[in-house]
Enquirer: 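Handing you this structure, nothing more for now.
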Amino acid sequence: MTLPTKTPSLAVYGLGIIGSRVADLLSAASYPLGTWSRSSRSRPDFDDDAAALADRSEVILFFLKDAPAVRETFEAIRPTLRSGKSLINHATIDLETTLFLESECRAAGCGFLNAPFTGSKVAAGNGKLVYYCGGDSSVLEDLRPILDVSSPQIIPMDSASQATVVKLTTNLISACTVQALAESLRISRAHGVPAETLLDAIQGNACGSALAAMKVPTMEAEDYDPHFSLSNMLKDSRYAIDLAEKAGLNTPAIRCVSKEMDTLNRKGLGEQDFSILNSQFKSDNSH
Ligand SMILES: NC(=O)c1ccc[n+]([C@@H]2O[C@H](COP(=O)([O-])OP(=O)(O)OC[C@H]3O[C@@H](n4cnc5c(N)ncnc54)[C@H](OP(=O)(O)O)[C@@H]3O)[C@@H](O)[C@H]2O)c1
């Protein structure tokens with residue numbers, strides 16, 4: 001790994017499924033690194049003072065859950081933002097919060113890049129995330145070596161808001177696809193078709209996908225170890241519905257899946273993988 005001539009000090013905020021793995025990669029790549037999360041961690045680079053960490057770091061990376069988490073953490077570090085520093089938002093958030101971060105960073109003279117991503121727990125561990133990057137192109141070029149540590153592919157977007165829209169609309173496809181896969185799996189099994197046969201048929205079909213290859217076997221095994229949590233997919237579905245409403249669009253598929261996810265979330269299943277959508281048919285004999 002080649003480091004840039006001057007190696008910037010980094011701070012990763014949010015040590016969940018993805019942030020913890022990216023922090024490990026950045027540390028292994030010899031970047032000076034500090035980490036912060038809402039709940040304490042026993043890492044040597046952990047700092048429980050969000051503002052102090054931001055104050056001594058040149059590049060701040062957010063891997064936080066949602067818009068409230070981003071806004072709360074941003075308020076804590078806002079006084080430390082100034083010229084010569086940059087904030088990269090990797091969290092999937094709503095459009096308003098994206099625009100808020102962009103304008104607040106600009107007002108503070110701080111660089112801003114909106115870089116939501118695709119790729120889950122395994123991809124993060126292997127440095128194979130794909131970033132959708134929107135913001136000032138010179139900021140992207142300055143920060144590219146940092147992104148390269150966890151990503152073989154950076155897809156530039158025309159603006160910060162475009163990156164958010166693309167992230168939310170692609171997650172809409174994933175949520176609806178997993179719902180469709182679960183329905184297809186349940187119906188097939190009810191009629192004696194094994195999951196392997198169905199998966200072979202799907203992968204030879206135009207509807208085949210990496211998502212199907214990943215989720216059909218785990219749904220069949222009822223393995224819902226979280227790669228991407230139900231609660232996170234639920235919030236993304238709400239942000240996507242909000243985007244649709246703002247465009248005057250009715251989007252029945254994501255509304256329906258969002259409702260199913262809300263029901264499961266209320267049952268306390270929010271931290272399971274979102275493919276737990278597959279469990280919703282278990283006691284449902286009424287349809
Ligand atoms: N996992 C994936 O496959 C995937 C893929 C694409 C995009 N994303 C997006 O990337 C982001 C991170 O994903 P993840 O899977 O790592 O999420 P996660 O495991 O749920 O972790 C979320 C992080 O946010 C922190 N957090 C939650 N509420 C907070 C609050 N109110 N204030 C401050 N911090 C708060 C948590 O802190 P504590 O743990 O310390 O409490 C945790 O560190 C999310 O926006 C997600 O939608 C994830």
Side-chain angles (χ1 to χ4, degrees), residues 11-26 34-43 45-51 53-54 60-78 88-95 97-98 101 113-133 147 150-151 153-155 163-175 177-178 210-211 214-215 218 224-240 258 261 265 269-276:
V12 169
Y13 287 75
L15 296 170
I17 291 175
I18 306 296
S20 59
R21 286 169 173 79
V22 173
D24 289 344
L25 292 173
L26 292 168
T35 60
W36 176 91
S37 210
R38 179 182 54 174
S39 333
S40 186
R41 301 290 199 280
S42 59
R43 302 173 57 106
D45 51 27
F46 190 79
D47 191 331
D48 57 12
D49 185 336
L53 174 62
I60 293 156
L61 296 85
F62 275 3
F63 282 97
L64 298 158
K65 187 178 186 78
D66 54 11
V70 163
R71 284 181 182 258
E72 279 170 38
T73 309
F74 184 81
E75 286 309 324
I77 68 160
R78 185 208 287 262
I88 311 178
N89 173 58
H90 291 298
T92 309
I93 53 174
D94 61 338
L95 201 50
T97 306
T98 306
L101 291 178
L113 193 65
N114 190 36
F117 58 94
T118 183
S120 202
K121 178 159 75 176
V122 176
N126 294 332
K128 301 269 191 254
L129 298 176
V130 175
Y131 289 113
Y132 306 134
C133 288
L147 301 171
S150 53
S151 170
Q153 190 182 5
I154 290 166
I155 304 180
T164 290
V165 172
V166 166
K167 177 60 204 163
L168 292 174
T169 50
T170 51
N171 261 21
L172 175 156
I173 297 169
S174 295
T177 299
V178 165
L211 194 58
M214 218 186 296
K215 297 301 184 192
T218 53
Y224 305 120
D225 181 46
H227 290 245
F228 181 48
S229 71
L230 180 82
S231 66
N232 280 338
M233 188 57 106
L234 173 59
K235 57 101 181 154
D236 292 350
S237 69
R238 290 173 173 156
Y239 296 152
S258 187
M261 291 194 288
N265 192 49
L269 299 170
E271 295 319 304
Q272 301 290 299
D273 192 80
F274 78 104
S275 57
I276 201 157

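Indexing begins at 1, ligand by ligand and atom by atom, following the structure's order.
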Enquirer: Checking T73 side chain against V70 main chain: does a donor-acceptor pair fall under 3.5 Å?
Expert: no

Enquirer: With distance as the sole test, does K235 use its side chain to make a donor-acceptor pair with the main-chain N or O of K65 at under 3.5 Å?
Expert: yes

Enquirer: Please enumerate all residues that pass side-chain contact (heavy atoms from CB on, under 4.5 Å) together with A54, with sequence neighbours excluded.
Expert: Y13, I60, I77, T80

Enquirer: Under a 3.5 Å distance rule, please check whether S151 uses its side chain to pair with a backbone N or O of L129 as donor and acceptor.
Expert: yes

Enquirer: Using the test salt bridge (charged side-chain N to carboxylate O under 4.0 Å, His left out), find all partners of R43 that sit at least two apart in sequence or belong to another chain.
Expert: D24, D45

Enquirer: Tabulate distances under 3.5 Å between N/O atoms of ligand 1 and N/O atoms of the protein, writing both atom names on each line.
Expert:
unit_1, atom_1, unit_2, atom_2, d
ligand 1, 1 (N), H227, O, 2.9
ligand 1, 3 (O), S120, OG, 2.6
ligand 1, 3 (O), H227, O, 3.2
ligand 1, 16 (O), I17, N, 3.1
ligand 1, 16 (O), I18, N, 2.8
ligand 1, 17 (O), N232, ND2, 3.2
ligand 1, 19 (O), I17, N, 2.9
ligand 1, 20 (O), N232, ND2, 3.2
ligand 1, 24 (O), K65, N, 3.1
ligand 1, 28 (N), R38, NH1, 3.2
ligand 1, 39 (O), R41, NH2, 2.9
ligand 1, 40 (O), S37, OG, 2.7
ligand 1, 40 (O), R38, N, 3.2
ligand 1, 40 (O), S39, N, 2.9
ligand 1, 40 (O), S39, OG, 3.2
ligand 1, 40 (O), R41, NH1, 3.0
ligand 1, 41 (O), R38, NE, 3.1
ligand 1, 41 (O), R38, NH2, 3.0
ligand 1, 41 (O), S39, OG, 2.8
ligand 1, 43 (O), L15, N, 3.0
ligand 1, 43 (O), G16, N, 3.2
ligand 1, 43 (O), S37, OG, 3.1
ligand 1, 45 (O), L64, O, 3.1
ligand 1, 45 (O), K65, O, 2.8
ligand 1, 45 (O), T92, N, 2.9
ligand 1, 45 (O), K235, NZ, 3.2
ligand 1, 47 (O), K235, NZ, 2.8

Enquirer: Under the salt bridge (charged side-chain N to carboxylate O under 4.0 Å, His left out) rule, collect the residues that match up with R78, sequence neighbours excluded.
Expert: E75, E104

